[in-house]
Every structure is written in structure tokens, then in C-alpha cells.
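Notes follow once the structure below has been shown.
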There are 2 protein chains.
Amino acid sequence: MRRRAGRPPRNSQAKRMPGRVYIVDDDASVGTSLARLMRSAGFEPEAFASGEEYLKAADGHGGPACLILDVRMEGLSGLELQKHLVKSRMTCPIIFLTGHGDVPMSVQAMKEGAFDFFTKPVDDKELLESVSSALETHERILSGTDCPFRDRLGALTAREFEVMRCVLGGALNKQIAAHLGIAEKTVKVHRGRVMHKLGVESVAELVRQSIEAGVEPSEV
Amino acid sequence: MRRRAGRPPRNSQAKRMPGRVYIVDDDASVGTSLARLMRSAGFEPEAFASGEEYLKAADGHGGPACLILDVRMEGLSGLELQKHLVKSRMTCPIIFLTGHGDVPMSVQAMKEGAFDFFTKPVDDKELLESVSSALETHERILSGTDCPFRDRLGALTAREFEVMRCVLGGALNKQIAAHLGIAEKTVKVHRGRVMHKLGVESVAELVRQSIEAGVEPSEV
DNA sequence: CCCCCGCTAGGACCAAGGTCCCATATCAAT
DNA sequence: ATTGATATGGGACCTTGGTCCTAGCGGGGG
């Protein structure tokens, strides 16, 4: 039961979100100038002077965001902060920006899943492009691959959804019927509507799309 | 048609494979010394003098493998070769080793999914560790974290496999039959055997497992 | 109060999937 | 030459899936 309670946010992303950019750099002048750059490009910057400060103030935020981290900092280093965030399942992309970068350092950061890695001096345009791309990526992560299938799921009635989950579980119509305490005939009706509403033509396709959309199958 | 032509390595991984290490470097002396190093560590090296040569001779191999690529080479560069391999859905990890590496280059390689990136001179121990780790990773990829489904795939005949891919694509038996130029009856036979050999009871299950095992569906 | 929507379901059919048994043909290995 | 694995299908038969059309029932909103 539940899921799609009330209103599946039908038209999310009505307008393009600007996107939050967290900046963590212990050099205040760098922080402010980066913030200025980001603001001028239409993003919402927020600067922190250390990893600890960021962690304390981190609000989770709702929409798409990304981090710009310095590697060398007093206290928590950028790489340490990254490890910490990765462990706590942070999904938002991290872009490194450092004055003293070398290949092994960049490789390590990338292995940990960094989105990008720049050395100063950095080309503003390149950095902005990377930030923009990072925000897009995060948006996609947040909204689960924006597939039209997901929206169509919202068109299903509760009963249809239940039947669909049983189908995803590989159940026969008669099993679904028994499971739901209804006639096999009715299951067929629901099932047909599910296929039609979701715009799929085969169970194989249904399963694929559902996996992508994160729909859990139902045991029968 | 293609893909695992001929022989699906029937009894892969009977005994612990040491792991194949493909070396692509246009400096012959580097290639042979790397090969020697790998052999001494118990791996099975195979050296190529260019990306083109590697592509021509690539045999697919059965077991776990990895690549050691130079970045700068005559003809196809390491990064280009990597892109090409990624596009063709190569799963085996790529380790870069280059004399003239810089941060942007390493970042690009890592973004494309490189397993590691070293600059010469490289510490033998580090390189060997990376290779060993890459082989382990590849083995895990190949065997899809011990799912029995993957092993069972090896029990399918070429024809059965083709039919299965069509089923994964959501095709009807008659469409599969037309596609393969055989009778619908025969498709049913193959299909039945596929389900039986793979130990699944529904198309839904088949699709799920196949996705996990990385089997590509076939358009019909 | 009535209508629409969702849930239910029967009848009638037809297409598709699946399984037995059996049979032929090819190819490679013994 | 014989055997085994593979691919191919015919016949028969049953189960499932899917779609028409029709229709009763209950709830919420105009």
C-alpha cells in the first residue's frame, strides 16, 4: 500500500532551478571570489571556511546542489571530507579545486567518485561548465532518471499498481487473483489497463522500465 | 548475430585463473619489461605495440583480465582506445601508465572509467597491487557477485541465447520465429529450454536476472 | 439526486505460451 | 560407423493472456 499518496508531484521542475553551490575553502578571499563567480552565473553559492564548518551547517537542501572543495585545508582535508561524505551516502557531486594538485591526488579523488578535479589557476568558463554539468547530474540523480514512465505511473489507480507489482514478481493472473481475493477476469482487466497506461507492449519492457523507475515487485 | 560467437566458454573458471594482463605500449622495451614484471608476479601478460594491434588481436578472453595502456602512442592514443572500448561495452578495467601525465589528463581518464592512472617512473609494487585489484574487480564483474544465473547462462546453446535475447526484447514467439527464420514451434522449444536451464519461472524473473547479469536484449 | 470513476466481473473468443512425443538432419568427436 | 549434442519442426492438447461488450455497486462531487 501507499506510495503515490496524494499527489505524485505531477509537474516537478516547472521552472529551471538555479542550483546550490557549496564552496569549502580555507582561504577567505578565494571563497568570496568563487562565490561571486557562481552568483554571477546564476547559481546560489554558500561558502564555508573549513570542512568542519560545512558539516555543521549542511542543511541537506532540497534541490540540486554540488560542492567545490579545496584539497589542502586546516583540519579536515578535502579528500577526507569527501571520504566522509561518500560514507554518509551524500549524492551531490564534488568538484575539487586546488593550488597544489598532482596526478596521484587527482586519481585518488576521482576514484572516490569526484565529479571533477581542477588545479589553480582555473579557467572560469571550464569551472562553470563543470558546475553546471554537476548540477544537472545531481538533478537527474534526485529525480531518478526523469523517465516519462515515472510520470505515467502516477496515472495508475491503486489497484492497478498492486496488480502491476504482482506481475513484476512474475505471478500468473490466477495467482494474483487469489492473492488479491478477486476474479482472474478482473486481474486481466487491471493488467491490460496497466500496460496501456504505461505505454508498454510486453512484460519484458514493463519489468525493465519498472526497475529503472525503482518500483518494487510484490511477492505472491 | 555476433557476440559470444562459437563457444560460450563452457566450464569457465574451473581452476583459479591467474588473470590476463594486456599491455599496450609503443615502446617495445617498456612492453617487454612490463611483461616480465607481470609474468614474475604470476599474471599472464600479452603485449601489443599499438591500440590498433590490440583491437585486431583482442580475443575476448574468457576469464578476468585488465589492460595497461600508455597514453601517448602513435596512431590511436590511450585515451582514444579507452573511449572506443567503453563504447563497445568492454568490461575489463584499464590502468593507464604514462611518462608525460598531467592532472587534466588523469582526470579525463578517470572520468571515462579508468581503473587507475600512474606516471612513470612507477613503483612496481604499486602497479602490481593495482593490477591485482583490477583483476579481482573484473572477476567480480564477470561473475556478477556469485549469482548462479550467470553460470547457467553458459549452459545455453548459441541458438537458445539468441532466442532469449529476443524474449528480453519483448518479442512474441512468432516475431522471433520470423526474425530467426524458423518455425514458431522451434522458438517455443528453445524458449522452454532457456527457462528451464536458467531456472526461472517467469519472463519477469528472466528479465530481472538478465539485467543483473548484463545480458543485452535484442531488437526484433 | 445524479453522474463519473474506480472496482468488480461474466460471456465470448482468439491469440499466445507451453509441453508431450516423435522425427529428421547436421556436425563433430570417438 | 556409431554416438551425442544441436537445431529443426509436426501433431496434439492444454493453459494463459488479452480484448471485445456489458453491467452492477459504492463513493464523491456538482
Side-chain angles (χ1 to χ4, degrees), chain A residues 1-8 10 152-207 210 217-218 220, chain B residues 1-11 152-207 210 217-218 220:
Chain A
M1 242 78 231
R2 241 29 357 154
R3 138 158 301 214
R4 54 182 253 78
R7 208 75 353 235
R10 203 55 58 94
R152 293 180 185 163
L153 277 179
L156 296 184
T157 68
R159 205 52 157 170
E160 285 161 358
F161 194 79
E162 282 186 280
V163 170
M164 180 186 76
R165 295 203 325 145
C166 292
V167 172
L168 296 180
L172 299 179
N173 285 345
K174 59 163 58 173
Q175 296 175 311
I176 301 174
H179 180 63
L180 299 179
I182 58 180
E184 185 181 340
K185 188 63 225 300
T186 311
V187 173
K188 289 185 179 183
V189 174
H190 288 314
R191 187 168 173 161
R193 277 203 267 269
V194 166
M195 301 297 280
H196 183 257
K197 283 187 179 177
L198 297 183
V200 293
E201 309 232 298
S202 65
V203 175
E205 202 182 337
L206 177 69
V207 174
S210 299
S218 167
V220 179
Chain B
M1 282 33 322
R2 99 282 48 262
R3 140 156 294 194
R4 56 191 292 300
R7 208 82 349 245
R10 206 49 59 99
N11 56 346
R152 293 177 187 165
L153 276 180
L156 296 183
T157 67
R159 205 53 157 169
E160 285 161 359
F161 194 78
E162 282 184 281
V163 170
M164 181 186 75
R165 292 187 43 216
C166 293
V167 172
L168 295 180
L172 299 180
N173 285 346
K174 61 163 57 173
Q175 296 175 313
I176 301 174
H179 180 63
L180 299 180
I182 57 180
E184 185 179 341
K185 186 61 224 301
T186 310
V187 174
K188 289 185 179 182
V189 174
H190 288 315
R191 188 168 173 160
R193 277 204 267 268
V194 166
M195 301 297 279
H196 182 257
K197 284 186 177 178
L198 297 183
V200 294
E201 309 231 299
S202 64
V203 174
E205 203 183 336
L206 177 69
V207 173
S210 299
S218 166
V220 178

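Note that these values count all heavy atoms, side chains included, but never hydrogens, waters or copies made by symmetry. Quick note on labels: first sequence line is chain A, next is B, and so on, each numbered from 1.
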Legend entry - Intermediate values then yes/no, side-chain contact (heavy atoms from CB on, under 4.5 Å), A/Leu156 and A/Leu198: CA-CA 8 Å; A/Leu156 296 184; A/Leu198 297 183; 4.2 Å; yes
If you compare every side-chain N and O of [X] against the phosphate oxygens of [N] (OP1, OP2), does one of them come in below 4.0 Å?
X	N	answer
A/Thr186	C/dA9	yes
A/His190	C/dT8	yes
B/Lys174	C/dA16	yes
A/Asn173	D/dG17	yes
B/Thr157	D/dA5	no

Quickly work out the [X] [atom1] to [N] [atom2] distance and round it to whole Å.
X	N	atom1	atom2	answer
A/Ile176	D/dG18	CD1	C1'	13 Å
B/Arg193	D/dA7	CZ	C1'	8 Å
B/Glu201	D/dT15	CD	P	18 Å
A/Arg191	C/dA15	CZ	P	19 Å
B/Leu206	C/dG17	CG	P	14 Å
B/Met164	D/dA7	CE	P	14 Å
B/Glu184	C/dA16	CD	C1'	7 Å
A/Lys188	C/dA16	NZ	P	14 Å

Inset, instruction - On DNA chain C, check which nucleotide each of A/Lys197 and A/Lys185 is closest to and give me the residue with the more 5' one. - result: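 With A/Lys197 and A/Lys185 compared, the 5'-side residue is A/Lys197.
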Legend entry - Nearest-nucleotide comparison on DNA chain C, the residue closer to the 5′ end among B/Ala171 and A/Ala183: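 Looking at DNA chain C, the more 5' nearest nucleotide goes with A/Ala183.
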Legend entry - Gap between atom CZ of A/Arg165 and atom CD1 of A/Ile176 - 0.5 Å precision: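 Between A/Ile176 CD1 and A/Arg165 CZ, I get 12.0 Å after rounding to 0.5 Å.
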Inset, instruction - Answer yes or no: is there a side-chain heavy-atom contact under 4.5 Å between B/Lys197 and B/Arg152? - result: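 No; the side chains remain at least 4.5 Å from each other.
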Inset, instruction - Take B/Ile182 and A/Leu172, find for each the nucleotide of DNA chain D with the closest heavy atom, and name the residue whose nucleotide sits nearer the 5' end. - result: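 It is B/Ile182, whose closest nucleotide lies nearer the 5' terminus.
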Legend entry - Among A/Met164, A/Arg193, A/His190, the one residue meeting side-chain contact (heavy atoms from CB on, under 4.5 Å) with A/Arg159: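 Only match with A/Arg159 under side-chain contact (heavy atoms from CB on, under 4.5 Å): A/His190.
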Legend entry - Check: B/Ala171 main-chain N/O paired with B/Gln175 side-chain donor or acceptor under 3.5 Å: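 No, because the side chain of B/Gln175 does not come within donor-acceptor range (under 3.5 Å) of the backbone of B/Ala171.
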